[in-house]
Amino acid sequence: MANEDAVRATNDDAAQCKRFAVERGYWEDPYISLLTTKGQARHAPEINRGYYARVSAMRTCIQRFIKLTDCKCQIINLGAGFDTTYWLLKDQQLSPKNYVEVDFAMVTSRKCHQIRRNEMLLKSIAGEDGEVKMSKTEIHATDYHLVSANLRSLEEVKGKLTESGIDTALPTLFVTECVLVYVDTESTNKVLKWIADSFPVALFLNYEQVNMTDRFGQVMIDNLKTRDCVLMGVEACTSMDSQKHRFTSQGWQGADGMDMSQIYKCLPDIHRIEHIEFMDEKELLDQLLSHYCIVWAWKDPHDLGLCDMTFT
Ligand SMILES: C[S@@+](CC[C@H](N)C(=O)[O-])C[C@H]1O[C@@H](n2cnc3c(N)ncnc32)[C@H](O)[C@@H]1O
């Protein structure tokens with residue numbers, strides 16, 4: 001139980017870091033401050049730049065998928081935490097037909113609470129027909145569903161996705177951002193295999209740790225352990241090969257990826273964000289970026305181009 005509490009708390013860390021970087025001007029997100037309270041901590045420039053790279057690269061991939069499918073698609077974010085992508089896509093008129101967010105009930109209940117009390121968040125969800133069904137931990141609206149499930153139980157996940165009106169015939173994007181590393185490999189494999197077996201056209205975007213067998217990786221594992229947070233899925237984060245293999249071994253057509261130090265160099269807005277704050281620890285940023293990656297895996301029988309990813 002202590003581990004689950006600690007895993008859930010990683011959402012607060014991520015949301016606070018994102019809010020801080022947004023307030024410093026790294027990227028725009030009018031919604032993150034509606035879902036979090038203002039934290040006390042100041043974050044170092046390398047952390048802010050790392051989060052900028054993470055958010056910017058993930059946004060690029062998600063928007064690309066939606067454009068490739070002409071919005072005739074659905075998005076399922078597993079371990080979504082306080083992610084704000086649904087609202088940002090609405091503002092850009094890039095909404096998929098259906099958007100589902102899954103997390104532990106203790107996280108979804110807090111998100112439900114914030115959505116309920118914020119007109120700006122609620123308005124987008126309600127849409128034109130205004131129909132929104134809300135319980136303490138879940139929301140079901142026309143094109144938005146926030147549901148509670150433990151990713152370690154495939155049956156629970158399947159049930160909640162069915163309740164959310166998922167259509168397996170639609171091109172589907174699955175997103176996991178810093179999530180699978182907290183889930184044991186066996187449970188993750190079951191989820192990945194079920195998706196590969198059930199969704200004929202699918203893209204999976206996974207942002208998380210890589211190159212975790214060196215000293216830096218060990219320090220990260222030890223630090224988290226002191227906070228009772230065990231990285232149960234770290235085995236797949238050994239290398240880029242192990243990250244890709246976990247998809248291809250579970251029936252995906254192909255998988256590719258880049259570590260964040262490669263992706264960082266391709267991002268279009270780097271010149272601007274490097275002028276926001278002075279940073280003298282350049283090696284620290286390089287080290288940090290080389291321990292995270294984005295891996296994408298696809299099932300693309302009609303050659304939509306799901307395998308080609310560019311970050312520029
Ligand atoms: C580091 S946070 C990332 C949140 C969000 N994806 C982001 O990047 O801002 C990890 C999230 O995964 C969720 N999570 C981890 N293990 C999970 C599980 N077994 N079932 C459901 N959610 C899980 C946590 O509750 C948390 O919200």
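Order of listing sets the numbers, starting from 1, for every ligand and every atom in it. All figures in this text were calculated on a predicted structure; none of them were measured in a lab.
No hydrogens or angles considered: nothing links the side chains of D83 and Y31 as a donor-acceptor pair under 3.5 Å. The closest side-chain donor-acceptor pair between S187 and D184 falls under 3.5 angstrom. Between the side chains of Q218 and D214, no donor-acceptor pair is found at a separation under 3.5 Å. In this model, no donor atom of one side chain and acceptor atom of the other lie less than 3.5 Å apart for E274 and Y52. Between the side chains of S148 and E138, a donor-acceptor pair is found at a separation under 3.5 Å. A donor-acceptor pair shorter than 3.5 Å cannot be found between the side chains of Q287 and E46. Looking at N206 and T176, their side chains do bring a donor and an acceptor atom within 3.5 Å of each other.
Residue Y182 places no N or O, backbone or side chain, under 3.5 Å from any N or O of ligand 1. An N or O contact shorter than 3.5 Å links G79 to ligand 1 by distance. Of the polar atoms of D83, none of the N or O atoms is found under 3.5 Å from an N or O of ligand 1, judged by distance alone.
With C229, G81, C178 as candidates, the residue nearest to atom 10 (C) of ligand 1 on a non-hydrogen basis is C178.
With ligand atoms numbered from 1 in the order given, ligand 1 contributes 2 (S), 4 (C), 26 (C), 27 (O) to contacts under 4.0 Å with heavy atoms of N11. Remark: ligand 1 atoms within the under-4.0 Å shell around heavy atoms of A149 are 20 (N), 21 (C). Near V179, meaning under 4.0 Å from one of its heavy atoms, ligand 1 places the atoms 12 (O). Residue V107 approaches ligand 1 through these ligand atoms, each under 4.0 Å from one of its heavy atoms: 25 (O). Less than 4.0 angstrom separates some heavy atom of R8 from each of these atoms of ligand 1: 25 (O).
Considering only non-hydrogen protein atoms, atom 9 (O) of ligand 1 sits nearest to K18 NZ, 2.9 Å. Protein heavy atom nearest atom 8 (O) of ligand 1, with residue, atom name and distance: R54 NH2, 2.7 Å. If you check which protein heavy atom lies closest to atom 20 (N) of ligand 1, you get L151 N, 2.9 Å. Of all protein heavy atoms, the one lying nearest to atom 15 (C) of ligand 1 is V7 CG1, 3.3 Å. Nearest protein neighbour of atom 5 (C) of ligand 1, counting heavy atoms only, is A80 O, 3.3 Å. For atom 3 (C) of ligand 1, the closest non-hydrogen atom of the protein is E177 O, 3.4 Å. Shortest contact from atom 23 (C) of ligand 1 to any protein heavy atom: F104 CE1, 3.5 Å. Given atom 24 (C) of ligand 1, the protein heavy atom at minimum distance is D103 OD1, 3.4 Å.
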Does D286 form a side-chain hydrogen bond (donor to acceptor under 3.5 Å, both in side chains) with S261? I'd like the steps, not just the answer. CA-CA 6 Å; D286 288 341; S261 63; over 6 Å; no

Test side-chain contact (heavy atoms from CB on, under 4.5 Å) applied to W87 and Y144, step by step: CA-CA 10 Å; W87 291 272; Y144 177 78; 3.8 Å; yes

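In this pair, F247 and W252 present their aromatic rings perpendicular. The plane angle is above 60°, beyond the 30 to 60° band. Below 30°, between 30° and 60°, or above 60°: for W194 and F199 the angle between ring planes is above 60°, a perpendicular geometry.
Both I66 and L68 sit in one connected hydrophobic cluster of ILVMFWY residues. Membership requires side-chain heavy atoms under 4.5 Å apart, directly or through other members.
Looking at N150 against ligand 1, both its backbone and its side chain come within 4.0 Å, counting heavy atoms. Neither the backbone nor the side chain of A15 has a heavy atom within less than 4.0 Å of ligand 1.
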